[in-house]
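Reading through the structure tokens given below for one structure.
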Amino acid sequence: MTPSELSQILLEKTQQWLTENGHTEIQLEEIALERPKSRDHGDWATTIALKIAGSIGTNPRDLGGKLAELFSGIPGVEEASVAGPGFINIRLDASNLGAVAKQIVDAGSDYGTLQINSSKRINVEYVSANPTGPMHIGHARWAALGDSIARVLEASGADVTTEFYINDAGKQMDLFGESILAATLGEDAPEGGYKGEYVTDLANRIKNAGTDLAALPREEAIIAARESGYALQLGDLQKVLGDFRARFDVWFSERTLHAKDASGNSKISEAVETLREQGHVFEEDGATWVRTTDFGDDKDRVITRGNGIYTYFAADAAYYLDKKARGYSEKIYLLGADHHGYVHRLKAIAGAAGDDPNTDLSCIVGQLVTLRGSRLSKRAGNIVEMKDAIDDIGVDSLRYWLARYPADSPIDLDADTLTSNSNENPVFYVQYAHARTNAVARKAQESGIDGSLFSPETLNHETENALLGELQQYPLIVEIAAKWREPHRIARYLEQLAGAYHRWYDATRVVPSSAEPIESVHHSRLVLNSAAGQVLKNGLNLLGVSAPEKM
RNA sequence: GCGCCCAUAGCUCAAUGGAUAGAGCAACAGACUUCUAAUCUGUAGGUUGCAGGUUCGAGUCCUGCUGGGCGCACCA
């Protein structure tokens, strides 16, 4: 019996009881199960009595006692009892709990995939770094987080499109071109332009590819430098993100928003017109504004400047409308804390476009990565390029490390963590548990242990109960992670699961020592071992981390 | 000045509004002739920044303070 099945039965029983006792006004939607922190409290607990006692005029303890009595009669439930102020603790019988192992092995990689979001088409936009320079460790955080969020949402049943918005239009790109040209000619970078070795590298790569920027007239040279540099830089960026296993289905160029069709319209001009038709646009001081304050922004925003040029905000609006037109029920934006000011503006665009800013759009604002307490900055010379970080500590370690913290928690890295493959990184703990399941399975097979001779009731050791309890919890963790867009919950769960597995491994044996005979319990333990391996693998996969068979 | 985020063990951090707030690291004491010791067992470590409020119940929600991060353009 899975937790969701149990929950469903409890719901029916409770609703039936309410009806029979004249409380038809209460319609329960679900009964939430939670894992009691203390094992003594059983396998599952529900607070339903505490929640509804008030509305039916009884005290939670009495109601809990009545419901517990009812729940005790459910097949597969060994015991249900009321505790404390009104908790109902439920203990499943051993064979029922043990059967979970086989269910997991049978389900394989499908174990932990859900249908709760199966009606949704979700767009996840993340990283979206400017193609004017290399990405740093901060971008790696969004890459790890965004990709894992997409994986978790897919596991929850959603149809997910991942997307990277390329800021390839505007003044920054021109400055980029001028900077490359300056490096080619041995001149200083222009005011506000790009500096650093990578600019010189790009200049050299362009030269080596046979383009002689120095021979071109200045205006042409800037454009050529810009376009060549853009192609190279975007290629680098895609390579690094690909190596990092971050998936992007769509690389969306800002230029496509500016591009004019035969009648002189662009997606941006159409977006402005759309907003104007909806009545959210006004003219003032020679500029065109959107009344974003109607949607909670702290000030109205200019969309077309006095000189007729669109602001960056105009492109944002057009981009949002484009996503909407492509039919996504929800658009997720991952933003760094330094861009959190956009949230109100995006909400305003969504509202002005006729979307519900609270459900059709969600902004995940993450804290920045700091290095030993100091913010990454070029001036301080402590920028760590994403590519170098991957080379130094590996994709698995880096992804896992960056994904195991909530987005709104600042991550403070120190140089040692970055450069040493140390056991401080819990990814090894989890991966080692997975590798161990494989070693045990290999050994068991050689010893003639046969998982098809499975009898669930033999899995009754204390550590087996604990391990089965963890395994059973996995779909619930995926559900929570998907609901809250918090992949770190997967990582924390895996660490807990790995701990339960290691303790089980330590306390029991799948392969009996040579003096002992092979018994029924050993066959059953092989199945439990495989189940643990399967869940570790499924979970690591949601984080984009490999599950090695040997370490 | 206004807005968003954060404050939990010595350090880095967890904790669906639930029961006795948990891990890792660091410290100390143990466990491999037996399936992987990258593991396990034990000890020690806390007024969850401060003050109120809501609730049967608050680290979690609300208000105010203190301290820190980030942002507040007809820049991109």
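So that the names make sense, note that chain A is the first sequence line, chain B the second, and so on, each numbered from 1.
- To the nearest angstrom, P of B:A15 lies 16 Å from OH of A:Tyr493.
- A donor atom on one side chain and an acceptor atom on the other are not found under 3.5 Å apart for A:Gln172 and A:Thr132.
- With both ends at atom P, the span from B:U60 to B:A15 equals 14 Å, rounded to whole Å.
- Atom NE2 in A:His340 sits about 8 Å away from atom C1' in B:C72, given to the nearest Å.
- For B:C4, the paired nucleotide is B:G69, the pair qualifying as Watson-Crick or G-U wobble because both relevant distances are below 3.5 Å.
- Applying the Watson-Crick and G-U wobble criteria (two distances, each under 3.5 Å), B:C61 pairs with B:G53.
- For B:C13 and B:A19, the P atoms lie 24 Å apart once the distance is rounded to whole Å.
- Side-chain proximity of A:Leu50 to B:C56, B:U16, B:C74: nearest is B:C56.
- Contact annotation for A:Lys483: no contact, since no heavy-atom pair falls under 4.0 Å across all strands.
- Applying the 4.0 Å criterion to OP1 and OP2 of B:A14, one finds that A:Ser409 has a side-chain N or O inside that range.
- Within the 4.0 angstrom heavy-atom criterion, only backbone atoms of the sugar-phosphate kind lie near A:Gln172; the bases stay farther away.
- Of the candidate nucleotides B:A14, B:C5, B:U16, B:U16 has the atom lying nearest to any side-chain atom of A:Glu34.
- Nucleotide B:G24 holds its P atom 16 Å from the OH atom of A:Tyr432, rounded to whole Å.
- When distances run from any side-chain atom of A:Arg503 to the nucleotides B:A37, B:A15, B:U41, the shortest one goes to B:U41.
- Take the nearest nucleotide of RNA chain B for A:Val302 and for A:Ala337: the residue whose nucleotide is more 5' is A:Ala337.
- Residue A:Val365 is classed as having no contact, given no heavy-atom separation below 4.0 Å to the nucleic acid.
- B:A19 has its base stacked against the ring of A:His41, the centroids being under 5.5 angstrom apart at an interplanar angle below 30°.
- Comparing the same atom, P, in B:A7 and in B:U39 gives a spacing of 29 Å after rounding to whole Å.
- Aromatic pair A:Phe164/A:Trp251: centroids less than 6.0 angstrom apart.
- Rounded to an integer number of Å, the gap from A:Glu519 CD to B:C35 P is 19 Å.
- Judged purely by distance below 3.5 Å, without hydrogens or angles, the side chains of A:Tyr312 and A:Glu254 never pair a donor atom with an acceptor atom.
- As rounded to whole Å, 6 Å separates atom C1' of B:A21 from atom NZ of A:Lys37.
- Remark: A:Lys51 is not in phosphate contact with B:G18, judged by side-chain N or O atoms under 4.0 Å from OP1 or OP2.
- Counting any heavy atom pair closer than 4.0 Å across all strands shown, A:Gly306 reaches a base atom.
- Across all strands shown, B:A15 forms no Watson-Crick or G-U wobble pair with both key distances under 3.5 Å.
- In this structure, A:Ile88 atom CD1 and B:G18 atom C1' are separated by 13 Å, rounded to whole Å.
- Of the candidates B:C13, B:U36, B:U16, B:U16 carries the atom nearest the A:Trp484 side chain, counting heavy atoms from C-beta on.
- Using a 4.0 Å heavy-atom cutoff across all strands shown, A:Leu526 reaches no nucleic acid atom at all.
- Rounded to whole Å, the C1' atom of B:U48 lies 5 Å from the corresponding atom of B:G59.
- In this structure, A:Pro410 reaches the sugar-phosphate backbone alone: every heavy-atom distance under 4.0 Å involves primed, P, OP1 or OP2 atoms, never a base.
- Of the listed nucleotides (B:A37, B:A38, B:C5), B:C5 has the atom at the smallest distance from the side chain of A:Asp408.
- The pairing partner recorded for B:A38 is none, the criterion being a Watson-Crick or G-U wobble arrangement whose two distances lie under 3.5 angstrom.
- Look at the P atom in both B:U34 and B:C28: the space between them is 28 Å, to the nearest Å.
- No contact: A:Pro512 has no heavy atom under 4.0 Å from any strand.
- Distance noted for atom P between B:U16 and B:G22: 14 Å (whole Å).
- In this structure, A:Leu476 reaches the bases: a heavy-atom distance under 4.0 Å links it to at least one base atom across the strands shown.
- Close to B:G22, at under 4.0 Å from its OP1 or OP2, lies no side-chain N or O of A:Arg492.
- Under the 6.0 Å cut-off for aromatic ring centres, A:Tyr432 and A:His502 qualify, their centroids lying closer than that.
- Between A:Tyr319 and A:Tyr165, the ring planes are parallel. Angles under 30° get that label, and only those over 60° would be called perpendicular.
- A:Ala444 comes within contact range of no nucleotide atom at all, as no heavy-atom separation falls under 4.0 Å.
- With centres under 5.5 Å and a plane angle under 30° as the test, the ring of A:Tyr429 is not stacked against the base of B:A38.
- For B:G45, there is no paired base (Watson-Crick or G-U wobble, both distances below 3.5 Å).
- The glycosidic torsion of B:C25 lies more than 90° away from 0, which places this base in the anti conformation.
- A distance of 3.5 Å separates OG1 of A:Thr293 from CG of A:Asp300, quoted to the nearest 0.5 Å.
- Per the geometry, CZ belonging to A:Arg525 stands 15 Å off P belonging to B:C35, to the nearest Å.
- The C1' atoms of B:G45 and B:A21 are separated by 14 Å, rounded to the nearest whole Å.
- Side chain A:Asn425 to base B:A38: no donor-acceptor pair is found below 3.5 Å.
- Comparing B:G18, B:A19, B:A14 by their nearest atom to the side chain of A:Ala83 picks out B:A19.
- Distance from the side chain of A:Asp298 is smallest to B:C72 among B:C72, B:C74, B:U36.
- Residues A:Gly499 and A:Asn89 each lie close to RNA chain B; by heavy-atom proximity, the contact nearer the 5' end of the strand is made by A:Asn89.
- Contacts of A:Thr46 with the nucleic acid, taken as non-hydrogen atoms under 4.0 Å apart, are absent.
- The base of B:U36 is not paired with the side chain of A:Tyr505 by any donor and acceptor separated by under 3.5 Å.
- Across all strands, A:Ala169 comes closer than 4.0 Å only to sugar-phosphate atoms, never to a base (heavy-atom distances).
- Within 4.0 Å of A:Glu549, counting heavy atoms only, lies at least one base atom of the nucleic acid.
- Between the side chains of A:Glu34 and A:Trp44, no donor-acceptor pair is found at a separation under 3.5 Å.
- Of all nucleotides listed (B:C6, B:U16, B:A38), B:U16 comes nearest to the side chain of A:Ile480.
- Separation of the C1' atoms belonging to B:G10 and B:C72 is 38 Å when rounded to the nearest angstrom.
- Of the candidates B:U34, B:G18, B:A19, the closest approach to any side-chain atom of A:Thr47 belongs to B:G18.
- A:Ser447 comes within 4.0 angstrom of nothing in the nucleic acid, heavy atoms only.
- Aromatic ring centroids of A:His280 and A:Phe295 lie under 6.0 Å apart.
- As a whole-Å value, the separation of A:His502 NE2 from B:C40 P is 5 Å.
- Side-chain polar atoms of A:Thr437 and A:Asn529 form no donor-acceptor pair below 3.5 angstrom.
- Counting only N and O atoms by type, the side chains of A:Asp168 and A:Ser253 include a donor and acceptor under 3.5 Å apart.
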